[in-house]
A.B. asks: 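Below is a structure I'd like to ask you about.
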2 protein chains.
Amino acid sequence: MSIYGGIEAGGTKFVCAVGSAPDDIRDEIRFPATTPAETIGRAVAYFKAQAKKCSPAAIGIASFGPVDPRPDSARWGYITTTPKPGWSNTEFATVLQRETGVPVGFDTDVNGAALGEYRWGAARGLDTFVYLTIGTGIGGWGMVNGALMRGLLHPEMGHILLPPHPDDPHPEGFCPFHGNCLEGLANGPALEKRWGQRAETLPVDHPAWALEAHYLALGLTNIIVTLSPQRIILGGGVMQQRHLFPLVRQRVQAALHGYIQSPQILREIESYIVPPVLGNRAGVLGAIALAETAAKS
Amino acid sequence: MSIYGGIEAGGTKFVCAVGSAPDDIRDEIRFPATTPAETIGRAVAYFKAQAKKCSPAAIGIASFGPVDPRPDSARWGYITTTPKPGWSNTEFATVLQRETGVPVGFDTDVNGAALGEYRWGAARGLDTFVYLTIGTGIGGWGMVNGALMRGLLHPEMGHILLPPHPDDPHPEGFCPFHGNCLEGLANGPALEKRWGQRAETLPVDHPAWALEAHYLALGLTNIIVTLSPQRIILGGGVMQQRHLFPLVRQRVQAALHGYIQSPQILREIESYIVPPVLGNRAGVLGAIALAETAAKS
């Protein structure tokens, strides 16, 4: 069995690990994301030390973004226009490749998490699914026809435009680019701005949640008619409110109004719209899944 | 060079042809779609006669729908729940396969047209694009990662939900399932119902067109952020109004508001949102492209 290295590169901390699967993580370290030189240097040093013990066949990086993950691009492996101070235009994956001498897989953190769920989690055995995170931002990525979505750049599903609800006290939404897009209507900060209190302090029976479920359901409806995914995984901080799941499922059925004649939507929606199963290990496992893919290609 | 057979199976007429490419259609016949037995029987007889002359290596069917194009389905090759009298639940592709003894490719008419544009037209060389027809209905299909989209069933991009425009005299839309979806706001019949006259009789400077372009642009914006296509092809009767193209392009740029930092959208949108190039031959050429794919697999 091959051993891989993984880097979960977050805006505040890095996690580096070696292993082959969720039940086989052999070593792991965490350190803060300071300057690019120091932080990437620590990752390089870690994998050089690990190489003497277990020889990882490849390294995967699931990184905060935006990144350039296009294999044919001259800037492949870079973190590009990030607002994180000092990190704009940072050479990343190529440094690891040069210093360790093994193949490196490189993608966004959410694409990594999607790949991890495909390999070991809620999307196992599917070829077309979407992984949506609802937190400070809303990001959606996934796989179509058995490969991670890419296209022109990459999906930005948080910015799907939605019809405002007549009972919304702020139907104009809060996205600085698009106002009433999914992110502008339903991310964590939108919940807080609309109701004047932090999302996690809103009681379960507060009308905030019905409206939140309504907007999430409209976003999912548009994703379903556009992509026809076989399953949708909803993660991120806002979805820690597990009571949202049944509300969202009901409203997706109502919004589609019987138009998609599929048993998965009409009768088995509990297994169609689901939480992720890898939980807070999704980042590093996604990176290991990216390494596995890089080793094969 | 291999020769293929193609059937453009429309709700009112069938076109059967043999050939290998747009400039190499060797024979073609057309006949009305009457009963399934008579119509499919004529197609079978045509290809049996052609087999003696040019031995098509495979036959492709680009059919009106809904159809079941899933290769692993027991009802693969059927026209399923169509409202066309007498055609519901019609065995189709398997009949051709049995009677002619060659491989048969089978898909929707719009997937066929998308594949034709990929093979010889506006989507040549791309791996992720969308083909949207705006006519009596609105249908969107396409390719992601180099393969036609399928997923759970198939995309239904006409039913993307959109925010109504404040100046729309009928913001509720006309879709019997969803009201204000793209189809309910922007198909040909919606234009006619909203303005009380047929779309083709509305002058170029009528406010109908600015509103039509607005809704099409919102639909395209949602498709762009969800799928990240490398190009969007707009066909169908409504898009015969070529003055819509620049209006739609401007409004897509306005709706995205600089968020997708891609030169194709920011500076080269004339070659990003385009008409199809195969025109009224798209149907039969799409069918031939489906045959070519079936022969290879």
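Per chain, numbering begins at 1; letters A, B, ... match sequence-line order.
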A.B. asks: For the atom pair CD1 (Ile224(B)) and CD1 (Ile160(A)), what is the distance rounded to the nearest 0.5 Å?
C.D. replies: 12.5 Å
A.B. asks: Are a donor atom and an acceptor atom from the side chains of His178(B) and Tyr259(A) found within less than 3.5 Å of each other?
C.D. replies: no
A.B. asks: Checking Asn145(A) side chain against Ala147(B) main chain: does a donor-acceptor pair fall under 3.5 Å?
C.D. replies: yes
A.B. asks: In Å and rounded to the nearest 0.5 Å, what is the CG to CG distance from Leu182(B) to Asn222(A)?
C.D. replies: 10.0 Å
A.B. asks: For Leu152(A) versus Pro229(B), what's the shortest heavy-atom pair and its separation?
C.D. replies: CB-O, 3.4 Å
A.B. asks: Is any side-chain heavy atom of Ile260(B) closer than 4.5 Å to one of Glu156(A)?
C.D. replies: yes
A.B. asks: Are there more than 12 heavy atoms of other residues, nucleotides or ligands under 6.0 Å from atom NE2 of His257(B)?
C.D. replies: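 No - once you tally the heavy atoms of other residues, nucleotides and ligands closer than 6.0 Å, there are 12 at most.
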A.B. asks: When heavy-atom pairs shorter than 4.5 Å are enumerated against chain A, which of Leu256(B), Asn180(B), Leu218(B) gives the highest number?
C.D. replies: Leu256(B)
A.B. asks: If you measure from NE2 on His154(A) to CG on Leu227(B), what distance do you get to the nearest 0.5 Å?
C.D. replies: 14.5 Å
A.B. asks: Please confirm whether the backbone N or O of Ile223(A) pairs with a side-chain atom of Thr226(B), one donor and one acceptor, at under 3.5 Å?
C.D. replies: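 Not confirmed, Thr226(B) side chain does not pair with Ile223(A) backbone.
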A.B. asks: Pick from Tyr272(A), Trp141(A), Phe177(A): which one has the most heavy-atom pairs with chain B under 4.5 Å?
C.D. replies: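 Heavy-atom pairs under 4.5 Å are most numerous for Phe177(A).
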A.B. asks: Hey, what do you get for OG (Ser228(B)) to CZ (Arg150(A)), rounding to the nearest 0.5 Å?
C.D. replies: 10.0 Å
A.B. asks: Highest number of heavy-atom pairs under 4.5 Å with chain B: which of Met149(A), His159(A), Arg231(A), Gln261(A)?
C.D. replies: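 Looking at each of Met149(A), His159(A), Arg231(A), Gln261(A) in turn, His159(A) comes out on top.
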A.B. asks: Does any backbone or side-chain atom of Ile265(B) lie under 4.5 Å from a heavy atom of chain A? Answer side chain, backbone, both or neither.
C.D. replies: side chain
A.B. asks: For Thr128(A), is it the side chain, the backbone, both or neither that has a heavy atom under 4.5 Å from a heavy atom of chain B?
C.D. replies: side chain
